[in-house]
S.K.: 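Structure incoming, see below.
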Amino acid sequence: MLVLVINCGSSSVKYNLIETDQERDVCKGIVERIGAVTSIIKHDQPGKPLIKDAKVITTHSEALQAILDFLLNEKNQIISSPSDIRAVGHRVVHGGEMFKDSVLIDDVVKDAIEQAFDLAPLHNPPNLKGIEAAQERLPGIPHVAVFDTAFHHSLPDRAYLYGIPNRLYRRHKIRKYGFHGTSHYYVSRKYYSLSGINREKSRVITCHLGNGASIAAIKGGESIDTSMGFTPLSGMVMGTRSGDLDPSILFYLVEKEELQLNSLHSMLNRHSGLLGLSGYAADMRDLIEEAKNGDRRCQQAIDVFCYNVKKFVSTYIGVLNGCDAILFTAGIGENSPMIREKSLEGMDGIGVEIDPERNRGAKPGEITKISTDASKTEIYVIPTNEELVIAIDAAKIASASGQSPWI
Ligand code: AMP
């Protein structure tokens with residue numbers, strides 16, 4: 001089935017057109033800088049040169065139209081009619097407590113996504129904008145919402161409750177939700193199929209290390225703990241996000257630097273993490289380069305990042321009572337042997353042994369085993385494919401339309 005996957009940010013629309021039966025990307029691309037003087041459009045068709053264009057695009061709806069114009073253009077030979085697209089899968093970051101699974105979008109679902117605006121103010125509003133734009137441009141086709149939070153719905157209350165008055169959970173739903181669910185789901189399923197392990201008994205730790213980073217403990221196929229929390233700000237140190245810190249630091253800063261709430265928000269989300277630590281860059285490649293040139297703060301940022309990975313992985317080995325496999329994915333996890341090695345160094349005492357040669361030999365885009373034969377825990381690099389998970393879910397739900405799986 002041909003499925004269009006849409007991922008909307010505040011000023012961008014990313015798309016993937018996927019043939020789900022063959023798990024194949026037909027075309028993908030992005031419209032960036034929506035609302036700026038000129039927007040940038042990129043289309044990437046396998047086996048063809050990347051197409052780049054600049055246009056005036058002021059709304060998400062216009063961006064969707066620009067994408068459809070490209071897909072429908074005869075000379076590109078992609079689709080001949082909008083009805084060739086059988087379903088649209090939308091990435092929605094926050095499903096709150098309501099959505100434990102992907103869902104066919106109707107007005108009730110849209111209302112619920114809107115109700116979660118407060119929980120993900122940077123993500124859910126543009127996600128809903130994208131849904132409305134796509135419904136306008138592609139009417140009569142099933143639209144399906146796939147939530148980043150859904151996979152972590154299986155967390156037990158001991159893992160998702162914070163140590164604050166319980167009425168705040170009841171009144172405001174303040175709890176751990178977890179994110180990157182489609183990625184943690186995808187790489188764990190890949191591991192099950194390649195290893196042939198008995199899934200019911202399996203204990204796996206997935207490390208999604210990209211610009212945003214999160215780690216999950218997966219037991220018997222279900223997420224039982226994860227590093228991100230109420231929002232995607234917590235857990236690991238990330239590109240520009242702080243990750244976990246002592247909440248007292250915020251009170252201290254309000255007093256000492258007279259910071260307002262919005263400055264604190266921006267400091268923690270946009271100016272912290274690797275960028276804040278290094279004072280140089282949020283991008284791991286740049287940090288590695290500068291650390292090689294002797295920059296001490298870039299090296300410190302790398303050290304903190306790897307130590308964060310080690311702490312979460314070690315904790316989750318305890319939580320899972322042992323671990324069959326540790327899986328690395330996303331930009332850093334898939335592409336940096338140095339970060340993988342540094343994150344798991346000195347863990348042979350608890351059965352985790354990375355093989356430096358296999359690790360260095362891992363090729364981008366390929367699944368590679370990087371543990372030693374003696375390691376009790378297998379270690380793999382598994383490239384993620386969140387869009388494929390969204391497409392397959394959308395295809396499944398579109399095929400069974402009429403039946404709403406949300407609670
Ligand atoms: P993502 O958010 O998954 O696209 O990942 C982006 C992050 O991956 C950025 O910090 C990049 O610097 C990092 N990254 C991509 N390729 C490499 C590489 N070869 N070595 C180290 N980091 C990389």
S.K.: Test Cys8 against every option in Lys14, Glu132, His123, His60 by the side-chain contact (heavy atoms from CB on, under 4.5 Å) rule and name the one that passes.
M.R.: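 Only one option passes, and that is His60.
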
S.K.: Look at Arg175 together with Asp157 and state whether they make a salt bridge at an N to O cut-off of under 4.0 Å.
M.R.: no

S.K.: Between Lys201 and Asp324, what is the shortest heavy-atom contact and its length?
M.R.: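 So the two residues come closest at O-OD2, 4.0 Å.
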
S.K.: Report yes or no: do His43 and Tyr15 form a side-chain donor-acceptor pair below 3.5 Å?
M.R.: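 Distance-only check passes for His43 and Tyr15.
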
S.K.: Which class fits the ring pair Phe151 and Tyr185: parallel under 30°, tilted 30 to 60°, perpendicular over 60°?
M.R.: perpendicular

S.K.: Ignoring hydrogens, what is the shortest heavy-atom contact between Ala394 and Ala87? Give both atom names and the distance.
M.R.: O-CB, 4.1 Å

S.K.: How far apart are the closest heavy atoms of Thr149 and Gly96, and which atoms are they?
M.R.: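 It is OG1-N, 4.3 Å.
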
S.K.: Charged N to carboxylate O under 4.0 angstrom, Arg285 versus Asp283?
M.R.: yes

S.K.: Applying side-chain contact (heavy atoms from CB on, under 4.5 Å), can you list everything that pairs with Ser80, at least two apart in sequence or on another chain?
M.R.: Asp84

S.K.: Kindly write out the residues that satisfy side-chain contact (heavy atoms from CB on, under 4.5 Å) with Lys173, not counting sequence neighbours, or none if the list is empty.
M.R.: Glu97, Tyr177

S.K.: Tell me whether the centres of the aromatic rings in Tyr380 and Tyr191 are closer together than 6.0 Å.
M.R.: yes

S.K.: Tell me which one of Ser214, Ser227, Ser183 satisfies side chain to side chain donor-acceptor pair (under 3.5 Å) with His208.
M.R.: Ser183

S.K.: Can you check side-chain hydrogen bond (donor to acceptor under 3.5 Å, both in side chains) on Asp355 and Thr372, steps first, answer last?
M.R.: CA-CA 5 Å; Asp355 181 316; Thr372 63; over 6 Å; no

S.K.: Indicate the atoms forming the closest heavy-atom contact of Asn269 with Arg241, along with that distance.
M.R.: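 It is O-CG, 3.5 Å.
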
S.K.: Looking at Phe179, Phe117, Phe99, which hits ring pair (Phe, Tyr, Trp, His ring centres under 6.0 Å) with His94?
M.R.: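 Testing His94 for a ring pair (Phe, Tyr, Trp, His ring centres under 6.0 Å) against Phe179, Phe117, Phe99 leaves exactly one candidate, Phe179.
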
S.K.: Check this for me, if you would: do Lys42 and Glu32 make a salt bridge, where the nitrogen-to-carboxylate-oxygen distance has to be below 4.0 angstrom?
M.R.: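 The answer is yes: the pair qualifies as a salt bridge.
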
S.K.: Taking all atoms of both residues into account, what is the closest heavy-atom pair of Glu23 and Leu388, and its distance?
M.R.: OE1-CD2, 3.6 Å

S.K.: Keeping the roles fixed (side chain from Asn16, backbone from Glu387), state whether a donor-acceptor pair exists under 3.5 Å.
M.R.: no

S.K.: Salt-bridged, Asp225 to Lys176, with N to O below 4.0 Å?
M.R.: yes

S.K.: Is it true that the side chains of Gln115 and Lys110 contain a donor and an acceptor less than 3.5 Å apart?
M.R.: no

